[in-house]
Amino acid sequence: MLGYILRRLLQVIPVFFGATLLIYFLVFAMPGDPILALFGDRTPSEALIERLREQYHLNEPFLVQYWYYISGVFRGDLGVTFSGRPVAEVLAQTLPVTGRLAVMAIGIEFALAIVIGSIAALRKGKIFDNVSLLVALVALAIPIFVVCFLAQYFLAIQWGWFSPTVGADNDWGGLWLPAIVLGFSLFAVSMRLMRSSMIDTLNQEWVRTAYGKGLPRRRVIPVHVMRNSLIPVITNSATNFGVLLVGATVTEGIFNVPGVGNTLFQAVIRSEGPTVVSFVTVFVILYVLVNLVIDLLYGLLDPRIRYA
């Protein structure tokens, strides 16, 4: 087990350097001058432009810029935005908001997937199973911005159940509406995975053996069948959680969520290399660690899985 964990942690090193170098190159290769874009319609003096380029090392070659950035990361310095704020401060302000939104959305997705997928598997071919398939297809087919506007109009404006926007009220209670939208948009794949995995598990010999030994249905289904059917659902949910941590840009923009998605989008527009790469660096590490935890959970869910 310890050797497996160490190998997975060592994998972070090439992923870290590869992701940061690639993202930094993509930001570096974007057309336009980020210094001129910073001033909008105004035209700054040449002396001011050169001073800002020197301050942010924009007058250096690409690899030199990357070296300045990566050496600063190892010193605990994630850089400074073009507005003068430390990137670490911006990240500390926005990441908790997106983190809360991601946790709530994945919780909603996971609960819907388990409940609806399990019932659909137990009622295979019946009305509930067919209706759940139809709902899943609708959830997959409708674009996320359409779901956002529909939820905002009906649930918030017409019925008044939620606030139409989040803004400064970004605690757990204020994020329910965007979390419900994201959870509904993501649950379809997990639900179908749960259904197919549970149907496959129900047809295993050991399930019939458990019934033959006299175990009641109320124990076989939740304790044995559902537990062994959760692995593909957990894998898909972990992937969705990593995607949401990067930032649900469209959802955060529509609901005015002051999270990572909005900040990262604005940083890309302004070609703020340190901001974009610093955010991606943190997300790469978080994503790898989340997947490591999920891999270790496999052994708890299915005793046949061992990490030697």
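Counting begins at 1 with the first residue of the sequence. Since the model is a prediction, treat every value here as computed from it, not as a measurement.
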pair [X]-[Y]: side-chain heavy atoms closer than 4.5 Å:
| X | Y | answer |
| --- | --- | --- |
| T251 | V257 | no |
| L22 | V280 | no |
| F25 | L21 | no |
| T165 | F255 | no |
| M104 | L101 | no |
| F241 | F110 | no |

Within this structure, what is the [atom1]-[atom2] distance for the pair [X] and [Y], rounded to the nearest 0.5 Å?
| X | Y | atom1 | atom2 | value |
| --- | --- | --- | --- | --- |
| L122 | K124 | CG | NZ | 12.0 Å |
| L264 | F283 | CG | CZ | 6.5 Å |
| S132 | R123 | OG | CZ | 11.5 Å |
| F145 | S185 | CZ | OG | 11.5 Å |
| I157 | L155 | CD1 | CG | 10.5 Å |
| R195 | S190 | CZ | OG | 15.0 Å |

L193 vs N236, side-chain contact (heavy atoms from CB on, under 4.5 Å): CA-CA, chis, key distance, verdict: CA-CA 9 Å; L193 286 173; N236 186 68; 3.8 Å; yes
Within one Ile-Leu-Val-Met-Phe-Trp-Tyr cluster: [X] and [Y], side-chain cutoff 4.5 Å:
| X | Y | answer |
| --- | --- | --- |
| L137 | M191 | no |
| L230 | I221 | yes |
| V233 | L133 | no |
| V138 | V147 | yes |
| V135 | V146 | yes |

Donor-acceptor pair, distance only, cut-off 3.5 Å: does the side chain of [X] make one with the backbone of [Y]?
| X | Y | answer |
| --- | --- | --- |
| N203 | I199 | yes |
| D200 | S196 | no |
| S197 | S229 | yes |
| S118 | V115 | no |

Identified side chain to side chain contact (heavy atoms under 4.5 Å, CB included) counterpart of Q152 within the set S163, P164, P178: P164
Name of the residue among I180, V103, L186 meeting side chain to side chain contact (heavy atoms under 4.5 Å, CB included) with I108: I180
Taking everything shown except [X] itself, do over 12 heavy atoms lie less than 6.0 Å from its [atom1]?
| X | atom1 | value |
| --- | --- | --- |
| R219 | CZ | no |
| Y153 | OH | no |
| W67 | CH2 | no |

Closest heavy-atom contact between [X] and [Y]?
| X | Y | result |
| --- | --- | --- |
| V166 | G174 | CG2-O, 3.5 Å |
| G125 | N130 | O-ND2, 3.8 Å |
| L244 | A102 | CB-CB, 3.7 Å |
| V181 | A151 | CG2-CB, 3.6 Å |
| A210 | V220 | CB-CG2, 4.1 Å |
| N262 | G253 | OD1-CA, 3.5 Å |

side-chain contact (heavy atoms from CB on, under 4.5 Å) between F74 and I70, intermediate numbers included: CA-CA 7 Å; F74 285 110; I70 208 69; 3.9 Å; yes
Check against side-chain contact (heavy atoms from CB on, under 4.5 Å), F184 and E109: CA-CA 6 Å; F184 174 77; E109 175 215 2; over 6 Å; no
Parallel, tilted or perpendicular: rings of W161 and W159 (30°, 60°): tilted
Residue pair T201 / N228, side-chain donor-acceptor N/O under 3.5 Å: no
Derivation of the side-chain contact (heavy atoms from CB on, under 4.5 Å) call for T94 and F279: CA-CA 10 Å; T94 57; F279 273 52; 3.9 Å; yes
